[in-house]
Every structure is written in structure tokens, then in C-alpha cells.
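Worksheet for the structure shown next.
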There are 2 protein chains.
Amino acid sequence: MNVMNESPRRKELTRLAAQLFVQEGFDRTTVRMLAQEMGIKSGSLFHHFRDKQEILTAVIEEGTQNALVIARDALARCDHSASARLHAMARAHLETLLTDRNAHVVALYEWRRLDAEARSHLSHLRDAYEALWEQVIDEALAEGLIHGDRFLVSRFVMGALNWTVRWYDPAGPRTPDDLADELVAMITRRPA
Amino acid sequence: MNVMNESPRRKELTRLAAQLFVQEGFDRTTVRMLAQEMGIKSGSLFHHFRDKQEILTAVIEEGTQNALVIARDALARCDHSASARLHAMARAHLETLLTDRNAHVVALYEWRRLDAEARSHLSHLRDAYEALWEQVIDEALAEGLIHGDRFLVSRFVMGALNWTVRWYDPAGPRTPDDLADELVAMITRRPA
DNA sequence: GGGTCAACCAAGCAAGCGCTAGTGTAAACG
DNA sequence: CGTTTACACTAGCGCTTGCTTGGTTGACCC
């Protein structure tokens with residue numbers, strides 16, 4: 001067993017699993033469906049993953065890790081004004097939600113299917129991501145760009161953004177940047 | 001079979017089912033678990049519901065219907081200022097999310113497990129509820145209380161509110177009314 | 001050119017699944 | 001009184017589930 005391995009094959013299988021988990025949900029996706037999608041037999045699956053749970057963990061870990069990288073890059077690349085950083089975070093968030101959509105939808109919907117061990121591990125990753133948000137919110141509060149409680153504001157903002165996976169249509173007239181701009185405008189006092 | 005019946009017994013069973021669906025998820029909740037929780041044998045369950053799907057439908061329908069009633073009551077009972085109506089809707093939303101928590105969590109998480117027929121039926125109920133929100137948002141826009149696109153703003157607001165089921169702790173220091181006030185303050189230009 | 005190793009397969013087990021069929025029973029009804 | 005109705009039971013069918021076992025293959029290694 002390859003348990004802790006990070007082989008490219010495993011990454012590819014993880015990507016395919018994410019797609020199926022989105023389509024069917026974790027519980028309804030059988031190991032036989034996963035295997036077929038991957039072009040192997042169901043037994044061979046357990047060469048790459050200890051059990052079905054581990055596949056779910058791999059999917060969510062991959063997505064969260066990417067989100068962290070993208071957000072950090074976006075913050076590093078923009079100037080230091082609170083407004084620019086707020087925009088950058090909102091754009092980065094929506095960007096990951098789109099490019100890595102499957103993994104994120106799985107993370108949002110199937111989090112509770114994780115066992116205790118995986119959940120505590122992934123919680124740290126998620127907390128690191130949320131800490132980025134709270135930091136940017138803090139800066140915006142300090143500059144008087146927004147008002148309110150940092151905890152509540154960051155929760156509300158992330159809720160509004162994460163909720164987009166339920167209604168946003170990438171083929172529609174609105175771009176992710178439109179959404180980000182509108183959201184930032186909504187919560188800032190003086191929008192331009 | 002009592003299929004279309006709305007007996008009190010069925011309502012009680014629906015309430016218990018909602019609790020289990022939240023704890024375990026719909027797919028992981030077996031008819032045997034449901035029956036045990038209800039104090040009957042698994043076969044007897046199908047006297048009250050045609051199949052397992054119908055239990056899910058009943059749970060979500062109950063919750064959505066209650067949300068509609070509460071929101072309409074709240075709107076009818078407050079004065080006509082856009083600000084008061086905005087507050088009333090936010091409070092009503094959080095109130096249902098708390099009092100009818102199980103049913104709403106199920107609605108948010110297990111919507112995709114509904115079959116096509118049930119989904120189309122329940123979509124109408126949900127649309128009626130969302131229409132209330134859009135109407136109140138429209139009024140707030142007209143009064144200049146908030147700015148932006150009515151569609152986006154209502155989506156963002158509902159996202160922020162629905163997301164509370166993931167982090168809000170009723171035993172904590174914040175009341176639902178605190179949350180509602182903070183949210184309205186966040187999106188309005190001049191908060192008193 | 002024997003040894004190693006990741007990757008895969010065929011076959012199937014034990015458990016659990018949703019649901020059905022047929023029956024019993026006590027209260028309600030005419 | 002006999003009949004109906006609501007609710008529950010027992011027993012189990014047919015199928016699917018996650019996962020295991022033991023073995024095969026082909027590429028690479030010294």
C-alpha cells in the first residue's frame with residue numbers, strides 16, 4: 001500500500017474522485033464507480049488508498065492546500081492598501097471556487113463524513129486559510145474601510161462567498177471579478 | 001398506506017427523522033435506525049411513508065413551510081420602513097434556523113438527494129421564500145439604504161445567513177438578534 | 001538475468017441495505 | 001354485532017456495499 005505516497009497517479013485519481021463525489025455525493029459514490037471512472041477494477045483502488053475515507057480526505061486536502069497557495073500569492077502580489085487586499089482575497093476566493101470547484105464543493109458538502117482524525121488534520125489547514133481572511137478584515141477595520149466585529153464580518157463574508165457555489169453560473173453574464181467587486185462594495189462604507 | 005396523510009403521528013416521525021438526518025446524513029441513516037428512534041420496527045415505517053425518499057421530502061417541506069410562515073408574520077408585524085423590514089427578515093431567518101434547525105440543515109445539505117419530482121415541488125416553496133427577500137432588498141435599494149444589484153445582494157445576504165449553521169453556537173455570548181443587527185449594519189451605508 | 005516493486009486483476013466474503021408480504025390486534029364505526 | 005381502519009409485527013428476499021486475498025504483469029536495477 002502506498003498510503004502516504006503522493007504519486008502523480010494518486011493525484012489524478014483524486015481529481016477524478018472529486019468529480020464523482022460532486023455528481024453523486026460521497027456516500028452514493030461506490031468504490032466500483034470510482035474504479036470504473038479511473039479505468040481500473042475496484043480492488044486495485046485499495047492499492048492507492050487505504051480505504052474510501054482516505055480518498056475523501058485526499059480530495060479535500062488537495063483543494064484546501066490550493067486555496068491557501070492562491071490566496072497567499074494574491075496577497076503577496078497586490079499593494080498594501082486595505083481595499084486592494086480585500087479585493088484580492090475576494091477574487092482569490094472566487095477563483096479557487098471556480099478552478100478547483102469540485103474539490104471545494106466536496107469540502108463544503110461532505111466535511112461531516114470525515115472521521116475524527118482527518119477532520120482535525122484538515123481543520124488546521126482551514127484555520128490557516130481563515131486566518132488570512134481575519135487578518136485582511138482586521139486591516140480593513142483599522143483603516144475604517146468597514147465596521148463591525150471582525151469575527152462576525154469574516155464569517156458573513158466567507159458565507160456569502162461560499163454560498164456562490166450554489167447559484168453562480170460561470171456561463172452567465174457575470175464574471176467572478178464582478179462578484180468580488182460587488183461584495184466588497186456592499187460591505188465598505190464609501191465605494192469609490 | 002397513508003401516503004398523502006398529514007397525521008400528527010407522521011409529523012412526529014418527521015421530526016425525529018430530521019434529527020437523525022442531521023446527525024448521520026441522509027444516506028447513512030438506515031430505515032432500521034429511523035425505526036428504532038421512532039420505537040417501531042423497520043417494516044412499520046412504510047405504513048407512514050411510501051419510501052425513504054418521501055421521509056426526506058417531508059422533513060424539508062416542513063422546514064421550508066415554517067420559514068415562510070415566520071417570515072410573513074415578521075413582515076406583517078413590523079412597520080413599513082425599509083430598515084425595519086430588513087431587520088425583521090434577518091431576525092426571522094435566524095430564528096427559523098434555530099428553532100427548526102434540524103429541518104433546515106437537512107434542506108441545505110441533502111437537497112440533492114431529492115428526486116426530480118420532489119425537487120420541483122419544493123423549489124416553488126423555496127422560491128416563494130426567496131421572493132420575500134428580494135422584495136425587501138428592493139425596498140431597501142429604493143430608499144437608498146443599500147446599494148448594488150438586487151440579485152447579487154440578496155444572494156450574498158442569504159449566503160451569509162445560511163452559513164451561520166456551520167459556526168454559530170447558541171450557547172455562546174451572541175444572540176441571533178445580535179447577528180441580524182450586525183449583518184444589517186454591515187450592508188447598510190449609514191448605520192445610525 | 002535474477003530480484004524488486006508498483007500497479008493491476010479475478011473472485012468473493014460478510015455485512016448491511018431498502019423494501020415487501022402476510023399476519024395480528026385493538027379501537028372506531030354502522 | 002360484524003366490518004373496517006390504523007398501526008404494528010415477523011420474516012426474509014434480492015441486491016449492493018466496502019474491502020480482502022492471492023496471484024499476475026511489465027518496467028527497471030545491479
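The sequence lines fix the lettering, A, B, ..., with proteins before strands; numbering per chain opens at 1.
Inspection of the B/Asn162 and B/His93 side chains reveals an N or O donor paired with an N or O acceptor under 3.5 Å.
Contact between the side-chain N/O atoms of A/His48 and the OP1/OP2 oxygens of C/dC8 is found at a separation under 4.0 Å. Under 4.0 angstrom from either OP1 or OP2 of D/dC9 there lies at least one side-chain N or O belonging to B/Ser44. Regarding contacts with the backbone of C/dG18, a side-chain N or O of B/Lys52 is found under 4.0 angstrom from either OP1 or OP2. Side-chain nitrogen and oxygen atoms of B/Arg50 include none within less than 4.0 Å of the OP1 or OP2 phosphate oxygen of C/dC19. Checking the phosphate oxygens (OP1, OP2) of C/dA7, a side-chain nitrogen or oxygen of A/His47 falls inside 4.0 Å.
Sorted by first then second residue, the side-chain hydrogen bond (donor to acceptor under 3.5 Å, both in side chains) pairs that include residues 28-41 of chain A, not counting sequence neighbours, are A/Arg28-B/Asp27. The list of side-chain hydrogen bond (donor to acceptor under 3.5 Å, both in side chains) pairs with a residue in residues 13-22 of chain B, not counting sequence neighbours, reads B/Glu12-B/Arg15. Screening residues 57-77 of chain A for side-chain hydrogen bond (donor to acceptor under 3.5 Å, both in side chains), with sequence neighbours left out, gives A/Asn66-A/Asp100.
Nearest nucleotide to the B/Phe46 side chain, out of C/dT20, D/dC19, D/dC9: C/dT20. When distances are taken from the side chain of A/Ser42 to each of D/dC19, C/dC9, D/dC9, the shortest belongs to D/dC19.
Contacts with DNA chain D (heavy atom under 4.0 Å) in residues 25-40 of chain A: A/Thr29, A/Thr30, A/Val31, A/Arg32, listed by number.
Taking the ring centroids of A/Trp167 and B/Phe151, they lie under the 6.0 Å cut-off.
Going from atom CD of B/Glu12 over to atom C1' of D/dC7 covers 16 Å, rounded to whole Å. In this structure, A/Ile55 places its CD1 atom 8 Å from P of D/dC19, rounding to the nearest Å. Atoms CD (A/Glu54) and C1' (D/dG18) sit 14 Å apart, rounded to a whole Å. For B/Asp51 and C/dT20, the CG to P distance is 8 Å, given to the nearest whole Å. Per the geometry, CD belonging to A/Glu24 stands 15 Å off C1' belonging to D/dT17, to the nearest Å.
Not a single side chain to side chain donor-acceptor pair (under 3.5 Å) links A/Tyr168 to another residue, sequence neighbours left out. Partners of A/Ser123 by side chain to side chain donor-acceptor pair (under 3.5 Å), not counting sequence neighbours: none found.
Base engagement by B/Lys41 is indicated by at least one non-hydrogen atom pair under 4.0 Å involving a base atom.
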